[in-house]
J.: 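Here you go, one structure.
Atoms within a ligand are numbered from 1 in the order they appear, just like the ligands themselves.
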Amino acid sequence: MAKRIFSGIQPSGIIHIGNYLGAIKQWVELQNNPPTGEDEAIFCIVDLHAITVRQNPEQLRKNTLSAAAWYIACGINPQKSDIFIQSTRPEHTELAWILSCYTQIGELARMTQYKEKTQKLQNDLGDTGFIVKAAPSAGLLTYPTLMAADILLYQTTTVPVGEDQVQHVELTRDIAKRFNNLYGQTFTIPDYSTKISGKRIMALDDPSKKMSKSAASEYNYMALSDSPEKIRQKIRKAVTDSGTQVKYEKDQPAISNLLNIHSEISGKEVAELEDEFSSKNYGEFKEALADTIISHLAPIQSKYNSLMQSPTELEKILKAGSEKVASTAQKTLSDVKTKIGLLNL
Ligand code: AMP
Ligand code: TRP
């Protein structure tokens with residue numbers, strides 16, 4: 001059976017190497033080596049998910065185009081894959097509403113990401129340095145039903161995401177099965193394979209937390225846009241453990257994370273790297289890691305810069321992508337509406 005691959009990233013700021021190694025790099029591999037040889041891949045920029053937390057409008061517009069440029073610079077080829085902006089296809093919000101009527105509040109409130117994001121909102125330090133308690137929006141809670149709509153509209157078979165999104169894909173499967181049980185076969189049950197998901201990349205300044213674009217300090221993450229000097233500085237400043245050996249150990253989370261990053265970027269096994277650096281100290285390993293990241297990102301950054309010179313070209317690609325995926329989205333939505341008793345006039 002032909003597979004349909006669907007994934008997305010929020011245009012809510014920088015794109016970091018966690019997004020790249022956990023998601024985009026996998027997408028490019030799937031696009032270039034499709035598992036069944038006749039697969040279709042759709043990559044979405046999920047701006048409606050981004051607005052579940054407050055965004056600056058001007059910045060959001062800029063980040064949306066910039067996300068598209070990063071997708072392409074990293075190797076997503078618009079000739080082979082469809083790239084589009086979520087909010088340009090109204091079927092996503094329509095189906096999301098319908099699915100929210102088939103999802104329990106308890107299921108949504110149990111999601112780890114929801115719990116983390118609400119906690120963060122409630123502990124945010126405002127500009128004044130005082131804690132400003134913000135109440136979580138309903139959108140933050142129903143976020144997974146919109147993600148389920150994204151996936152199910154296209155009869156997606158495979159969802160390549162980082163490990164932190166697996167819980168949302170599992171909920172999508174539950175919702176789809178529930179709907180199919182009630183109304184007969186409507187949605188393809190999407191699968192994710194941990195093999196096609198990259199490992200979780202942890203924060204450079206705190207290896208107990210995942211690397212995150214909404215972190216308070218820029219030393220948490222490595223942005224794809226970081227200059228060579230910045231990359232070297234961030235790696236030098238990255239926390240290390242109390243040991244001295246470049247070894248992957250459970251109780252040495254910081255060096256293990258750096259080894260992971262090296263391995264995912266260089267394609268070398270962790271064991272091979274442990275061997276290579278067995279007589280080297282943390283400082284020497286960090287210099288080598290910085291070199292590896294800098295040379296890997298250089299061609300990607302230069303492609304990104306040239307794409308950002310022609311925003312109208314990018315807009316054209318995004319419009320074409322949106323038109324290309326329209327018929328599948330409309331077909332699924334129309335089927336759903338008919339099945340639940342809405343008049344499809
Ligand atoms: P987000 O930044 O939440 O829009 O995430 C976009 C994609 O990047 C998702 O597939 C995430 O699973 C993945 N991702 C985000 N942060 C990390 C991380 N620290 N490590 C690995 N993957 C990540
Ligand atoms: N929630 C995902 C994230 O933050 C982004 C996303 C939205 C997504 N819709 C999706 C990922 C559909 C895969 C499929 O990473």
Side-chain angles (χ1 to χ4, degrees), residues 4-28 30 41-53 55 60 63-64 66-67 70-71 74 76 84-87 89 92-93 95-96 99 108 111-114 116-117 120 139-140 142-173 175-176 190-192 194 196-215 220-224 253 257 260-261 264-265 325 329:
R4 190 172 278 130
I5 294 151
F6 185 101
S7 196
I9 286 190
Q10 301 180 48
S12 48
I14 53 105
I15 293 191
H16 54 66
I17 56 168
N19 301 133
Y20 175 62
L21 299 174
I24 306 173
K25 196 157 163 277
Q26 269 59 248
W27 303 355
V28 174
L30 277 171
I42 308 176
F43 301 112
C44 189
I45 296 157
V46 291
D47 52 352
L48 295 170
H49 278 108
I51 62 164
T52 52
V53 293
Q55 301 288 334
L60 180 59
N63 288 340
T64 301
S66 147
W70 282 120
Y71 281 14
C74 290
I76 301 297
F84 77 104
I85 303 170
Q86 186 185 34
S87 65
R89 289 255 53 91
H92 289 244
T93 37
L95 183 61
L99 295 180
L108 296 169
M111 293 291 112
T112 309
Q113 181 177 294
Y114 173 72
E116 279 174 7
K117 286 201 175 173
K120 188 163 175 297
L140 204 55
T142 56
Y143 178 117
T145 58
L146 178 59
M147 179 158 163
D150 297 341
I151 297 169
L152 299 177
L153 269 179
Y154 301 97
Q155 305 294 340
T156 302
T157 48
T158 313
V159 187
V161 281
E163 194 205 311
D164 62 324
Q165 294 298 318
V166 163
Q167 206 184 27
H168 290 154
V169 183
E170 276 168 352
L171 180 58
T172 300
R173 289 166 57 92
I175 298 171
D191 212 351
Y192 58 85
T194 38
I196 55 161
S197 296
K199 296 199 188 86
R200 184 179 294 220
I201 305 297
M202 309 312 281
L204 297 176
D205 61 354
D206 180 357
S208 70
K209 299 209 173 83
K210 74 166 185 170
M211 184 175 285
S212 161
K213 53 187 143 199
S214 55
N220 167 293
Y221 55 76
M222 181 75 71
L224 292 187
N257 184 40
N260 232 341
I261 295 175
E264 295 278 326
I265 289 189
V325 299

J.: What atoms of ligand 1 come closer than 4.0 angstrom to any heavy atom of Ala23?
T.: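 Counting from 1, the qualifying ligand atoms are 7 (C), 8 (O), 10 (O).
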
J.: Mark yes or no for whether Thr158, through its side chain, and Asp191, through its backbone, hold a donor-acceptor pair below 3.5 Å.
T.: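 No: the side chain of Thr158 does not pair with the backbone of Asp191.
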
J.: Just which atoms of ligand 2 are under 4.0 Å from any heavy atom in Phe6?
T.: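 Those of ligand 2 that fall under 4.0 Å from Phe6 are 12 (C), 14 (C).
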
J.: What's the shortest distance from atom 2 (C) of ligand 2 to any protein heavy atom, and which residue and atom give it?
T.: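 Answer for atom 2 (C) of ligand 2: Gln165 OE1, 3.3 Å.
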
J.: Which atoms from ligand 2 have a heavy atom of Val159 less than 4.0 Å away?
T.: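 Per the distance check, 13 (C), 14 (C).
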
J.: Is there a side-chain contact between Leu108 and Thr142 (heavy atoms, below 4.5 Å)?
T.: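 The answer is yes; the side chains approach within 4.5 Å.
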
J.: Nearest to atom 14 (C) of ligand 2 by heavy atom, Ile45, Ile151, Thr172, Leu153: which?
T.: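 Looking at heavy atoms only, Ile151 sits closest to atom 14 (C) of ligand 2.
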
J.: Can you tell me the protein heavy atom closest to atom 5 (C) of ligand 2 and the distance?
T.: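 Looking only at protein heavy atoms, the one closest to atom 5 (C) of ligand 2 is Gly8 O, 3.5 Å.
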
J.: Give the atoms of ligand 1, by number and element, whose distance to some non-hydrogen atom of Arg200 is under 4.0 Å.
T.: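 Ligand 1 atoms under the 4.0 Å threshold to Arg200: 20 (N), 21 (C).
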
J.: Testing the 3.5 Å rule here: is there a donor-acceptor pair between the side chains of Gln86 and Asp150?
T.: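 On atom types as modelled, these side chains qualify, holding a pair under 3.5 Å.
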
J.: Just to be sure I'm reading this right: ignoring hydrogens, which of Val161, Val166, Asp164 gets closest to atom 12 (O) of ligand 1? Compare them by their nearest heavy atoms.
T.: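 It is Asp164 that holds the nearest heavy atom.
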
J.: Heavy atoms only, cut-off 4.0 Å: how does Lys213 contact ligand 1, side chain, backbone, both, or neither?
T.: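 It is the side chain that gets close, since no backbone atom is under 4.0 Å.
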
J.: Under 4.0 Å from a heavy atom of Ile201: which atoms of ligand 1 are those, numbered in the order shown and with their elements?
T.: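 Those atoms are 18 (C), 19 (N), 20 (N), 21 (C).
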
J.: Of all heavy-atom pairs between Ala50 and Gln55, which one has the smallest distance, and what is that distance?
T.: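 Closest approach of Ala50 to Gln55, heavy atoms only: O-NE2, 2.9 Å.
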
J.: Which ligand 2 atoms does Val161 reach within 4.0 Å, using its non-hydrogen atoms?
T.: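 It comes down to these atoms of ligand 2: 11 (C), 13 (C).
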
J.: Can you name the nearest heavy-atom pair linking Phe84 to Arg89, along with the distance?
T.: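 Between these two residues, the closest heavy atoms are CE1-CG, 3.7 Å.
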
J.: Got Thr172 and Val159 here, is their nearest side-chain heavy-atom distance under 4.5 Å?
T.: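 No - every pair of side-chain heavy atoms lies 4.5 Å or more apart.
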
J.: For the 3.5 Å polar cut-off, considering only N or O atoms, please tell me whether Pro160 and ligand 1 meet it.
T.: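 No, there is no polar N/O contact under 3.5 Å.
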
J.: Give me the atom names and distance for the closest heavy-atom approach of Gly18 to Met211.
T.: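 So the minimum-distance heavy-atom pair works out to N-SD, 3.7 Å.
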
J.: Counting heavy atoms only, which of Gly18, Gly22, Gly162 is nearest atom 10 (O) of ligand 1?
T.: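 Result: the heavy atom closest to atom 10 (O) of ligand 1 is in Gly162.
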
J.: Backbone N or O of Pro160 within a donor-acceptor pair of the Ser7 side chain at under 3.5 Å?
T.: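 Yes, because the side chain of Ser7 sits within donor-acceptor range (under 3.5 Å) of the backbone of Pro160.
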
J.: Counting heavy atoms only, name the option from Gln86, His49, Met147, Gln10 that's nearest to atom 10 (C) of ligand 2.
T.: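 Among Gln86, His49, Met147, Gln10, the closest heavy atom to atom 10 (C) of ligand 2 comes from Met147.
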
J.: Ring centroids only, cut at 6.0 angstrom: are His92 and Tyr154 within range, meaning strictly under it?
T.: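 Between His92 and Tyr154, the centre distance is under 6.0 Å.
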
J.: Can you tell me if Asp150 contacts ligand 2 (heavy atom of the residue under 4.0 Å from the ligand)?
T.: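 Distance cut 4.0 Å: Asp150 passes for ligand 2.
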
J.: Would you mind listing which atoms of ligand 2 come within a distance below 4.0 Å of any non-hydrogen atom of Tyr143?
T.: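 Result: 1 (N), 2 (C), 3 (C), 4 (O).
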
J.: If we only count N/O pairs under 3.5 Å, is Gly8 in contact with ligand 1?
T.: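 No, since none of the N or O atoms of Gly8 sits under 3.5 Å from an N or O of ligand 1.
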
J.: Flag Lys210 as yes when one of its N or O atoms lies below 3.5 Å from any N or O atom of ligand 1, and as no otherwise.
T.: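 Among all N and O atoms of Lys210, none is under 3.5 Å from an N or O of ligand 1.
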
J.: When you measure from the side chain of Asn220 to the backbone N and O of Ala215, does any donor-acceptor pair fall under 3.5 Å?
T.: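 Checked: no pair found.
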
J.: Tell me, do Leu224 and Ile14 make a side-chain contact under 4.5 Å, heavy atoms counted?
T.: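 Leu224 vs Ile14: side chains apart.
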
J.: Are the side chain of Gln26 and the backbone N or O of Leu21 linked by a donor-acceptor pair below 3.5 Å?
T.: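 Side chain of Gln26 to backbone of Leu21: a pair is present.
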
J.: Say whether Gln165, considering both its backbone and side-chain N or O atoms, lies within less than 3.5 Å of an N or O atom on ligand 1.
T.: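 No, no N or O pair falls under 3.5 Å.
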
J.: Which bit of Val169 gets closer than 4.0 Å to ligand 2, counting heavy atoms only: side chain, backbone, both or neither?
T.: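 Looking at Val169 and ligand 2, no heavy atom falls under 4.0 Å.
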
J.: Could you tell me whether His16 approaches ligand 1 through its side chain, its backbone, both or neither, with non-hydrogen atoms closer than 4.0 Å?
T.: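 Looking at His16 and ligand 1, just side chain atoms fall under 4.0 Å.
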
J.: Check for a donor-acceptor pair, side chain of Tyr71 on one end and backbone N or O of Cys44 on the other, with a separation under 3.5 Å.
T.: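 Side chain of Tyr71 to backbone of Cys44, a donor-acceptor pair under 3.5 Å: yes, one is there.
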
